[in-house]
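The residues of the chain are indexed from 1 along the displayed sequence.
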Amino acid sequence: MKNRILSCLGDQYPWANHLHVFETIDSTNDHLRRLADNGAPHGTAVLANHQTNGHGRRGRSFHSPEGMGVYLSILLRPACTPDGLMHLTCATAVAMCDALEEAAGFRPGIKWTNDLIFGKRKLGGILTALSLNTDGSVKHAIIGIGINCLQRTDDFPEDIRDMAASLSMISEKPVDPAPVAAAMLQHLQKMDTVLLSEKDTILKQYTLDCKTIGQDIVLVRGDEKRYGHALDIDADGGLIVKFESGEIETVNSGEVSVRGMYGYL
């Protein structure tokens, strides 16, 4: 698979020598974290045909069946503080919308902050994690992305079958994971060149792609649930919400579910 991805990338991709491709791995994020701790360079990427322990948000697993999707993690070493990367997940989501539009022929939407969706179904997710130096600056960022490519409805576990989709299901034709992976890598590299310099432009596009805006939502933090209406995205990628009490707040953490989407609230 590595040779096929490299052939799709072409000669202009600057991080080709830092690409690691595995048939099966526990988790691309976990493996890349080990490489990062051993000094792996900026732009190192780990990609697998199958994960046995893929990670989602809040300790959930990410369903990663063999040969069905793209399971990718990439390492960045930006020279900034954590405050300078508040928009990293948003920037990655926009880059992935660009990549999937190029590779699959349609542009997905974004469910704040990290799910790629089409209609009421999830196509994939993003997981970002930072490691810091002793002076508080960013040592590295690891971005993990999983995209469903070839699944049919029956290929998903029963508990997520009514909320998940693949690129092939949406486009109604098989979507080869190799060119999808290449497009993802290319757009992540392009994102890296503007990540710190074009934050406002990135968040403007994120706002256009985010389907949570204008929706009634429920904010879940632990056992607490608060209902409100999503108004906008702020200058760092936070979700501006008007709650039932009339208060307007910016949400920067917690799980936000959109009423009527995916079947969970």
Side-chain angles (χ1 to χ4, degrees), residues 1-22 25-48 51 54-55 62 70-100 102-103 113-114 116 124-147 178-203 205-206 236-237:
M1 188 176 181
K2 182 175 181 178
N3 289 336
R4 294 184 61 226
I5 294 171
L6 290 173
S7 68
C8 294
L9 282 169
D11 297 333
Q12 302 303 311
Y13 182 71
W15 297 335
N17 291 334
H18 305 324
L19 176 62
H20 303 257
V21 179
F22 297 87
I25 202 170
D26 55 349
S27 158
T28 58
N29 267 26
D30 289 348
H31 188 80
L32 186 55
R33 188 176 298 109
R34 295 189 287 267
L35 293 179
D37 289 342
N38 286 313
H42 184 85
T44 299
V46 174
L47 191 145
Q51 292 184 117
H55 301 316
F62 185 86
V70 177
Y71 317 116
L72 167 67
S73 296
I74 195 160
L75 174 72
L76 302 181
R77 295 187 182 274
C80 65
T81 64
D83 287 348
L85 288 181
M86 293 285 287
H87 66 302
L88 178 60
T89 300
C90 294
T92 302
V94 170
M96 293 304 93
C97 286
D98 293 340
L100 298 186
E102 176 184 311
T113 57
N114 68 320
L116 300 168
I126 298 162
L127 186 66
T128 57
L130 301 183
S131 179
L132 304 183
N133 293 306
T134 54
D135 65 359
S137 62
V138 174
K139 182 178 182 181
H140 65 249
I142 291 177
I143 304 169
I145 308 161
I147 302 293
V180 173
M184 291 166 64
L185 289 165
Q186 287 173 328
H187 283 278
L188 285 166
Q189 190 273 325
K190 181 179 178 181
M191 176 200 77
D192 175 65
T193 65
V194 298
L195 180 61
L196 301 182
S197 62
E198 297 185 18
K199 177 181 175 181
D200 290 348
T201 300
I202 290 167
L203 288 173
Q205 184 60 53
Y206 182 89
D236 288 316

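Side-chain contact between Leu188 and Met96 is present, with heavy atoms from C-beta onward closer than 4.5 Å. Taking the side chain as every heavy atom from C-beta outward, Leu75 and His18 never approach each other to under 4.5 Å. Annotation: side chain of Val138 is not in contact with side chain of Asn133 (no heavy-atom distance under 4.5 Å). In this structure the side chain of Thr28 never reaches within 4.5 angstrom of the side chain of His20, judged on heavy atoms. The closest side-chain heavy-atom distance from Leu47 to Val70 is below 4.5 Å. Residues Thr128 and Leu85 are not in side-chain contact: their nearest non-hydrogen atoms beyond the backbone lie 4.5 Å or more apart. Between Tyr13 and Ile5 the shortest side-chain heavy-atom distance does not fall below 4.5 Å. Taking the side chain as every heavy atom from C-beta outward, Glu198 and Thr193 never approach each other to under 4.5 Å.
The heavy-atom pair separating Ala141 from Leu130 by the smallest distance is CB-CD2, 3.5 Å. What you find for Leu196 and Ala79 is that their closest heavy atoms are CD1-O, 4.1 Å. Nearest heavy-atom pair, Thr113 versus Thr89, reported as atom, atom and distance to 0.1 Å: O-CG2, 3.7 Å. Closest heavy-atom contact between Glu102 and Ala183: OE2-CB, 3.9 Å. Closest approach of Ala93 to Tyr206, counting heavy atoms only: CB-CE1, 4.0 Å. For the pair Leu132 and Pro82, the tightest heavy-atom approach, listed with the atom from each and the gap, is CD2-CG, 3.5 Å.
To the nearest 0.5 angstrom, Ile142 atom CD1 is 8.5 Å from Arg77 atom CZ. Atom-to-atom distance recorded for Leu88:CG and Asn114:CG is 11.5 Å, nearest 0.5 angstrom. Note: Lys190 NZ to Asp98 CG = 6.5 Å, rounded to the nearest 0.5 Å. Atom CG in Leu35 sits 10.5 Å away from atom NE2 in His140 (nearest 0.5 Å). Between the CD1 atom in Ile145 and the CD1 atom in Ile74 there is a gap of 7.5 Å [rounded to 0.5 Å]. Note that CD of Gln51 and CG of Asp26 are 8.0 Å apart. Values are rounded to the nearest 0.5 Å.
Salt bridge annotation for Arg33-Asp30: present, with a cationic side-chain nitrogen under 4.0 angstrom from a carboxylate oxygen.
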Query raised in the report: Are Val94 and His187 close enough, and set up right, to give a side-chain contact (heavy atoms from CB on, under 4.5 Å), and what steps lead you there?
Result: CA-CA 9 Å; Val94 170; His187 283 278; over 6 Å; no

Report task. Given side-chain contact (heavy atoms from CB on, under 4.5 Å), test Thr201 with Val194 step by step and report yes or no. Result -> CA-CA 9 Å; Thr201 300; Val194 298; over 6 Å; no

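Checked by atom type and distance alone, the side chain of His87 pairs as donor or acceptor with a backbone atom of Leu195 at under 3.5 Å.
A 6.0 Å sphere centred on CZ of Arg4 holds no more than 12 heavy atoms belonging to other residues, nucleotides or ligands. Within a 6.0 Å radius of CG in Asp135, other residues, nucleotides and ligands contribute more than 12 heavy atoms.
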